[in-house]
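Only a predicted model underlies this, so the values are computations on that prediction, with no experimental measurement involved. The basis for the numbers below is simple: all heavy atoms, side chains too, and nothing from hydrogens, waters or symmetry mates. Chain A is the first sequence line, chain B the second, and so forth, proteins listed ahead of strands; every chain is numbered from 1.
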Number of protein chains: 2
Amino acid sequence: MKGDRSSKEFARFEAYLKEHGLKATRSRELVFNEILSSPGVHPNAEEIRRRLRAKKKPVGLATIYRTLNLLVRSGLVTAIDLGESHSHFEPDWERLSHGHLICLSCGRVQEFSHAEIQEAVDRIGKEKGFLLDRFSIQVFGHCRDCSAARRRAKTP
Amino acid sequence: MKGDRSSKEFARFEAYLKEHGLKATRSRELVFNEILSSPGVHPNAEEIRRRLRAKKKPVGLATIYRTLNLLVRSGLVTAIDLGESHSHFEPDWERLSHGHLICLSCGRVQEFSHAEIQEAVDRIGKEKGFLLDRFSIQVFGHCRDCSAARRRAKTP
DNA sequence: TTTAATGCAAACATTTTGCACCCTG
DNA sequence: CAGGGTGCAAAATGTTTGCATTAAA
């Protein structure tokens, strides 16, 4: 099972912590696990706190934020912008990158693979003399269900 | 001169205001003008306030925020995410869209044109059944100058 | 003169930080 | 048992809002 303390990802986290003289604590395990084990959820800090509390494994919000920063620094987790006033988080599955399609009506988030856009970005980087690190793309629109509902509402 | 009260853009703003029963005030003119007349600056709210104050035309921060929201709603200005904790703003030159290349060393922002990425996004939208509205892309890396400086530092 | 706009300060939302106590290595 | 980690509350941001006053139309 993903996100387990025995998973490859958790082992990478432990390695990162050891390498930096930091400790593998229960709270850190819980937060990382919550992100790893909720594919497609893209939780924010508050959501992670809610989920952990619901599981009777409460972790303080400050610790959650500190752990999220740690995970992002380690490269194991990515912070994503879904057009809201706070950050969301998802596992960084070894550069298997993707963008996010965000429905402006229902808020649902779908992922799409990057491949061809990645090539275009590489080309642009070369052209402008940029040494690329990463990029992110957000696409806003209305999902199939919501645009169907819109059409029904407009043409009665 | 761009951003002048006589410009095409300002006329569009006035039209939008009239259409919505709102007033064309001096503060609104000043804020919009500041964005129109600073190409490549991508100011945030605080920066706009600073610039107006420096010109002895101070506008309250609340008014600046209210005006920015208005301009974004009207489609005349776009809010952009440059990876910081606040929004930046730029004129929306009639869908002549572009992405932003952000230097992680010096913070400089360069723009690049979207065209080929736009096509890829359209394809993805069609594939996923999304009715697209807009998209934004941020590319992070190190600009030519900064990556040259890095190389010098590493290979002395 | 009517109605919307402004400035200020207070309220909010999100994230960070200081500090006394706790736990991991 | 030493040094990092945690929770809590306070602080720091960035942005929005309520209200008395001012200014467009």
Side-chain angles (χ1 to χ4, degrees), chain A residues 5 10-11 13-35 42-50 52-53 56-74 77-89 107, chain B residues 5 10-11 13-35 42-53 56-74 77-89:
Chain A
R5 50 209 77 49
F10 195 72
F13 189 26
E14 285 188 305
Y16 176 88
L17 292 172
K18 181 164 288 182
E19 191 180 328
H20 290 255
L22 304 172
K23 293 172 181 174
T25 65
R26 179 132 185 73
S27 298
R28 287 177 176 162
E29 179 191 333
L30 285 167
V31 172
F32 188 28
N33 209 309
E34 203 50 49
I35 295 174
H42 312 294
N44 60 16
E46 195 58 54
E47 178 102 30
I48 292 169
R49 187 188 58 100
R50 196 178 7 253
L52 289 176
R53 200 182 28 179
K56 302 280 188 245
K57 300 273 190 297
V59 174
L61 200 48
T63 298
I64 292 175
Y65 275 110
R66 280 185 282 234
T67 304
L68 288 171
N69 287 336
L70 196 57
L71 286 165
V72 169
R73 261 179 271 138
S74 77
V77 162
T78 304
I80 56 181
D81 167 25
L82 299 179
E84 302 189 60
S85 51
H86 50 254
S87 294
H88 293 249
F89 298 87
Chain B
R5 52 210 76 50
F10 194 72
F13 189 26
E14 285 187 307
Y16 176 86
L17 292 171
K18 181 163 288 182
E19 191 179 329
H20 291 255
L22 304 173
K23 294 171 180 173
T25 66
R26 178 133 187 72
S27 299
R28 286 177 176 162
E29 180 191 333
L30 285 166
V31 171
F32 188 29
N33 209 306
E34 203 49 50
I35 295 174
H42 313 293
N44 59 14
E46 195 59 54
E47 177 102 31
I48 292 170
R49 187 188 59 99
R50 195 178 5 253
R51 286 167 169 258
L52 289 176
R53 199 183 29 178
K56 302 281 189 242
K57 300 274 188 296
V59 175
L61 200 48
T63 299
I64 293 176
Y65 276 109
R66 281 185 281 233
T67 304
L68 288 171
N69 288 336
L70 195 58
L71 286 166
V72 169
R73 261 179 272 139
S74 77
V77 161
T78 305
I80 56 180
D81 166 25
L82 299 179
E84 303 189 58
S85 51
H86 49 255
S87 294
H88 294 249
F89 299 86

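Across all strands shown, A:Asn44 has no heavy atoms under 4.0 Å from either base or sugar-phosphate atoms. If you check every strand for non-hydrogen atoms under 4.0 Å, A:Arg28 touches sugar and phosphate atoms only.
Rounded to whole angstrom, the span from the CZ atom of A:Arg50 across to the P atom of C:dT14 amounts to 10 Å. Note: OH (A:Tyr65) to P (D:dT6) measures 16 Å, nearest angstrom. In this structure, the CZ atom of A:Arg49 is 13 Å from the C1' atom of C:dA13, given to the nearest Å. Taking atom CG of A:Leu68 as the reference point, atom C1' of C:dT14 lies 13 Å away to the nearest angstrom. Distance B:Asn69 CG to D:dG14 C1': 12 Å, rounded to the nearest Å. For B:Leu71 and C:dA5, the CG to P distance is 13 Å, given to the nearest whole Å. The nearest whole Å value for the distance from the NZ atom in A:Lys23 to the C1' atom in C:dC22 is 10 Å. D:dG14 atom C1' lies 15 Å from atom CG of A:Asp81, rounded to whole Å.
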**Study point:** Step-by-step side chain to side chain contact (heavy atoms under 4.5 Å, CB included) determination, B:Thr63 to B:Thr25
**Key:** CA-CA 11 Å; B:Thr63 299; B:Thr25 66; over 6 Å; no
Exercise for review: Evaluate the criterion salt bridge (charged side-chain N to carboxylate O under 4.0 Å, His left out) for residue pair B:Arg51 and B:Glu47; output intermediate values, then yes/no.
Suggested key: CA-CA 6 Å; B:Arg51 286 167 169 258; B:Glu47 177 102 31; 3.4 Å; yes
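The aromatic rings of A:His86 and A:His88 are tilted relative to each other, their planes meeting at an angle between 30° and 60°.
Contact detail for A:Phe89 and A:Ala79: the closest heavy-atom pair is CE2-CB, 3.8 Å.
Here the side chains of A:Glu84 and A:Asn44 are not in contact, with every heavy-atom distance at 4.5 Å or above.
Remark: the A:Arg26 side chain and the D:dG5 base include no donor-acceptor N/O pair separated by less than 3.5 Å. A donor N or O paired with an acceptor N or O is found under 3.5 Å between the base of D:dG7 and the side-chain atoms of A:Arg66.
At C:dT14, none of the side-chain N or O atoms of A:Ser87 fall inside 4.0 Å of OP1 or OP2 (strictly under the cut-off). OP1 or OP2 of D:dT6 lies within a sub-4.0 Å distance of a side-chain N or O belonging to A:Ser27. A sub-4.0 Å separation between OP1 or OP2 of C:dT6 and a side-chain N or O of B:Thr25 is present.
Sequence order on DNA chain C of the closest nucleotides to B:Leu22 and B:Ala62 puts B:Leu22 first from the 5' end. If you find the closest nucleotide of DNA chain D to B:Leu61 and to A:Leu17, the one lying nearer the 5' end belongs to A:Leu17.
Distance from the side chain of A:Ala45 is smallest to C:dT15 among C:dT16, D:dT15, C:dT15. Checking C:dT6, C:dT15, D:dG7 against every side-chain atom of A:Thr63, the shortest atom distance belongs to D:dG7.
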